[in-house]
Every structure is written in structure tokens, then in C-alpha cells.
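Down below is the structure, laid out as C-alpha cells.
Everything numeric in this text was worked out from a predicted model, so none of it was measured.
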Number of protein chains: 2
Amino acid sequence: MGTNIPKPALERLPRYLRALRRERGRGKSFMSSNALGQASGVEEFQVRKDLSHVQVSGRPGRGYRIESLIVTLEHVLGLDEVRDAVVVGAGRLGQALSQYPGFENFGFNIVRLFDNDPEKVGQQVGDFKITHVQQMPEWINRHGISVAMMTVPADCAQEVADQLIKDGVTGLWNFAPVLLRVPEHVVVRHEDLAIGLAQLSHHMAWGRSDAD
Amino acid sequence: MGTNIPKPALERLPRYLRALRRERGRGKSFMSSNALGQASGVEEFQVRKDLSHVQVSGRPGRGYRIESLIVTLEHVLGLDEVRDAVVVGAGRLGQALSQYPGFENFGFNIVRLFDNDPEKVGQQVGDFKITHVQQMPEWINRHGISVAMMTVPADCAQEVADQLIKDGVTGLWNFAPVLLRVPEHVVVRHEDLAIGLAQLSHHMAWGRSDAD
DNA sequence: CTATGTGAAAAAGTTCACAGCG
DNA sequence: CGCTGTGAACTTTTTCACATAG
């Protein structure tokens with residue numbers, strides 16, 4: 001269990017999780033597929049189908065037990081284990097990420113921010129001092145870092161990725177607009193903001209309201 | 001034409017566009033579906049199918065004319081018309097966005113950065129001074145702004161969106177983790193970074209290398 | 001009587017294989 | 001030949017309808 005979930009369903013789970021946490025925050029203990037759908041912008045039967053891929057069972061007449069559904073989703077999404085991560089590239093975006101509160105809600109704990117620009121090295125950003133990339137291998141090794149968030153320029157992204165992988169990182173969250181080539185055992189998520197922009201632009205030009 | 005393109009195909013077009021621009025930058029004038037696929041991480045028949053939704057025709061034996069394919073894709077994606085945009089929320093992410101070079105490649109031109117924090121108002125961020133949200137309505141009206149990028153806290157996002165829409169904005173690029181309710185004529189794109197994180201986390205926990 | 005869980009139908013998207021063009 | 005364009009097969013995902021449970 002946890003695997004074999006259709007990709008589109010998997011992309012909806014985090015949204016359900018957020019809605020559930022919010023509802024829990026309001027002191028509720030049950031939530032129906034209808035309510036979950038409303039909160040997440042999904043039809044109720046889609047919610048039920050998605051949740052059928054996961055080991056839960058709702059109670060007819062009441063809905064799903066919020067607490068246990070949260071635990072299950074966190075487990076499926078791999079959020080029940082916290083991963084230490086570094087941010088590589090201390091530009092504005094890198095700084096924004098390194099400061100972002102709420103990564104802990106999604107299983108990540110940022111421990112350091114690297115850059116290769118001597119001007120930036122040493123600067124304080126929130127809790128971290130920007131550290132030179134030269135010291136990255138040692139850091140990653142010593143602290144057993146498994147994840148890196150990459151906010152470096154496109155033309156050095158592959159090189160940085162190669163280095164990170166050599167140092168032992170097995171997960172990359174890449175914001176550089178390049179397709180990274182990585183070995184089998186490494187997981188990459190390409191976060192391509194241009195896609196969002198292009199979508200917005202397309203829908204504004206040609207109509208249709210939901211560019212999600 | 002331009003509409004009626006399947007959503008998944010539409011999400012791949014920006015990647016093709018980027019690959020084409022890069023290739024053009026190298027002085028090439030033709031590119032095959034195979035090369036495009038390689039550069040974008042897509043199978044070649046998928047590329048051809050995607051391009052079949054668009055008014056182009058490649059030349060058997062050569063590939064697609066880069067220049068004209070670029071023009072066509074830009075048109076389909078609505079990038080041939082530049083839209084003025086504002087950024088609302090001058091936190092780290094808002095600042096990062098307002099500085100991002102390369103929006104012009106995707107049809108947007110950021111003209112102002114707003115916030116409601118008196119501490120921030122007046123600060124200089126790159127080319128812009130942070131302006132108080134009180135002045136937003138007037139700005140939007142006077143300059144005919146159609147797009148807003150929202151990097152505000154979740155709990156005021158809906159309120160901010162309502163205001164923006166009342167002022168005449170018809171496109172929202174929303175980074176706040178809430179589902180915005182908007183009238184028919186407004187286009188919203190929800191950019192939910194948590195989905196990417198959760199995906200990465202899931203794939204690291206349960207295996208499978210491409211978390212794209 | 002309300003809300004889940006799920007087979008079965010419909011729709012959407014992907015993959016394939018191959019005809020046809022330069 | 002090399003590479004496009006596309007109908008047809010196949011696969012995945014969404015939608016629906018309804019039996020079932022508390």
C-alpha cells in the first residue's frame with residue numbers, strides 16, 4: 001500500500017490533507033467526502049475514489065475520521081518521516097524557500113543554504129549563514145542529507161545535480177528550467193513555474209476559467 | 001485554434017517552447033520531434049501528437065521549422081501579447097517573483113509590488129518600491145493591470161482576491177495554499193508547492209524515480 | 001436517511017504502427 | 001531513407017448509479 005496510486009489521485013491527496021488539517025484545527029473530528037471535495041475543489045465521488053486507493057474506511061452517515069485519515073495520508077505521502085534538506089542557490093527564490101515556514105508540515109527540514117558567489121557567502125538569511133558550495137559535500141555527508149532544493153541558474157543545474165548525487169543526495173526538488181538527467185535511484189521533481197504562467201496566459205487569451 | 005487542446009498536452013507545450021528557443025539560440029533552424037522529445041523528456045510520438053493539436057506542419061525528413069513553431073506556440077499560449085502584472089505580498093516569495101527575469105519570455109511584465117505591512121512599505125526591491133495595498137485599486141485601474149501574482153498568507157488570500165477582482169483584474173496566479181472562489185470571467189492558476197513536496201516525499205518513501 | 005464504497009459505462013489520453021512525403 | 005501525421009488499439013482516469021452500512 002502507498003504505491004500503485006494513480007498519479008492524478010496522488011496529486012490530490014496533499015490537498016485533502018490540507019483541508020483535513022484545517023478542519024481538525026477547527027475542532028472537528030469527522031469530514032464527509034462532500035465537505036472534503038468542497039474544500040479542495042474536487043467532486044465528491046472523485047474524493048471517494050481517490051481515498052479508495054488508500055487504507056481507510058469512512059463511516060456511512062458520518063464521513064471520514066479526520067484524525068485517522070490525516071495519519072493515513074501522511075503515511076502514504078511519506079510525510080511521517082522528516083528529511084533534512086539543503087537549499088542550493090541563494091538567490092531570491094532560494095532565500096524564500098529557506099525561510100518558508102511550513103516545510104515541516106510536509107516532511108522537510110531545511111538545514112543549510114549554499115551558494116558559489118563569494119559575495120553572498122557569509123551573509124545571514126533567517127536562521128542560516130550562506131555557506132560556500134565547496135563545503136557542501138562534507139555537509140551532506142556528515143549530516144546524511146538526502147534532499148536538495150535547487151534554485152541555481154539553468155546552465156549549471158545539471159552539474160550541481162551531478163555533484164549532489166555524488167555526495168549522496170537521493171531526492172531533488174528542481175526549480176531550474178532544465179530537464180535533469182539522474183540515475184535510477186534518484187527522485188527528481190521538476191517545479192516548472194513557466195508552465196503555470198503559460199497556462200494562465202493561455203486561458204486568459206482563449207477563455208476558460210480554471211487554469212489549475 | 002488555440003483552444004480545445006487536451007490539458008496534459010497544453011502543459012507540455014511550454015517545455016517544447018523552451019527547448020525550441022534554446023535550439024534557436026544555437027543557430028539551428030529545424031528540430032525533429034525526436035530531438036524535441038529528448039530535450040523535454042517526452043516520447044517522440046507524444047510530441048507529434050501534441051503538435052497535431054496546433055496549426056503547424058513539419059517537414060518529413062527535416063523536422064519542424066523552429067522559427068515558425070516558436071511563433072505558433074507563443075500564439076497558442078497567449079504569449080504574443082504582453083500583460084502588465086502586479087505582485088501582492090512582499091514576503092520573500094513575492095520579492096523573488098518581482099525580481100524574476102524571464103517573465104517577459106512568458107508574456108508578463110511586472111510593474112509593482114504591494115504589501116499591507118507599514119514596515120515594508122517604501123522599501124526598495126530591485127526596480128520597485130513596495131507600495132501600500134491601499135493604493136492598489138487606483139494603480140490597477142489607472143494602468144489597466146489584468147494580472148496579479150498573489151503571495152499573501154492563506155487566511156487573507158480570498159479577501160485579497162475579491163478586492164483585486166473588484167478592481168478589474170481577470171487573472172490570478174495564486175501561491176497561497178487556499179482554493180480561491182472567483183467569478184466565471186476570472187482565470188486562476190493555483191501554484192501549490194506543497195504538491196511538489198508531497199510528491200517528492202512519496203516517491204522517496206515508496207520508490208519510483210520520476211516524481212514529475 | 002445520510003454518506004460510503006465500488007462495479008460498470010463513458011471519456012480522455014497515450015502508445016503504436018504504418019502509410020506517405022520530400 | 002528519415003521523419004511527419006494519424007487512425008486505431010490500448011490504457012488510464014473520470015463519472016455515474018446504486019447497493020450497502022450505520
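- The cationic atom of Arg112(A) (NZ for Lys, CZ for Arg) does not lie both less than 6.0 Å from the six-membered ring centre of Phe128(A) and within 45° of the ring axis.
- Contacts of Lys49(A) with the nucleic acid, taken as non-hydrogen atoms under 4.0 Å apart, include base atoms.
- If Ser52(B) and Gln46(A) are placed on DNA chain D by their nearest nucleotide, the residue sitting closer to the 5' end is Ser52(B).
- Between Arg12(A) and dT13(D) there is no side-chain polar atom (N or O) within less than 4.0 angstrom of OP1 or OP2.
- Residues Leu172(A) and Ile165(A) are in side-chain contact: their nearest non-hydrogen atoms beyond the backbone lie under 4.5 Å apart.
- Rounded to whole Å, the distance from CZ on Arg62(A) to P on dG5(C) is 14 Å.
- Distance, Glu43(A) CD to dT13(D) P: 18 Å, rounded to whole Å.
- Between dC18(C), dT14(C), dG5(C), one nucleotide has an atom nearer to the side chain of Arg48(A) than all others, and that is dG5(C).
- With hydrogens and angles ignored, no donor-acceptor pair under 3.5 angstrom links the side chain of Arg59(B) to the base of dG22(C).
- Rounded to a whole Å, the CG atom of Asn34(B) is 8 Å from the P atom of dT4(D).
- Atom pair His53(B):NE2 and dT4(D):P shows a separation of 16 Å (rounding to whole Å applied).
- For Pro6(A), the listed nucleotide lying nearest its side chain is dT13(D); candidates were dT13(D), dA3(C), dT14(C).
- Which of dT14(D), dG5(C), dG5(D) sits closest to the side chain of Tyr64(B) comes down to dG5(D).
- Within 4.0 Å of Gly61(A), counting heavy atoms only, lies at least one base atom of the nucleic acid.
- Going from atom CD of Glu11(B) over to atom P of dA12(C) covers 17 Å, rounded to whole Å.
- For Glu23(B), the CD atom sits in a packed shell: over 12 heavy atoms of surrounding residues, nucleotides or ligands are nearer than 6.0 Å.
- Straight-line distance from the CZ atom of Arg65(B) to the P atom of dC3(D): 17 Å, rounded to whole Å.
- Between the CD atom of Glu44(A) and the C1' atom of dC18(D) there is a distance of 13 Å, given to the nearest Å.
- Nearest to the side chain of Ser32(B), among dC3(D), dG5(D), dT6(C), sits dC3(D).
- Applying the 4.0 Å criterion to OP1 and OP2 of dT4(C), one finds that Ser33(A) has a side-chain N or O inside that range.
- Checking Lys49(B), Arg48(B), Gln46(B) one by one against Ser33(B), the side chain to side chain donor-acceptor pair (under 3.5 Å) holds for a single residue, Arg48(B).
- Atom pair Leu36(B):CG and dG5(D):P shows a separation of 12 Å (rounding to whole Å applied).
- The side-chain tip of Arg21(B) points at the ring of Phe106(B) from less than 6.0 angstrom away and within 45° of straight on.
- The nearest heavy atom of DNA chain D to Phe45(A) and to Lys7(A) marks one nucleotide each, and the one closer to the 5' end goes with Lys7(A).
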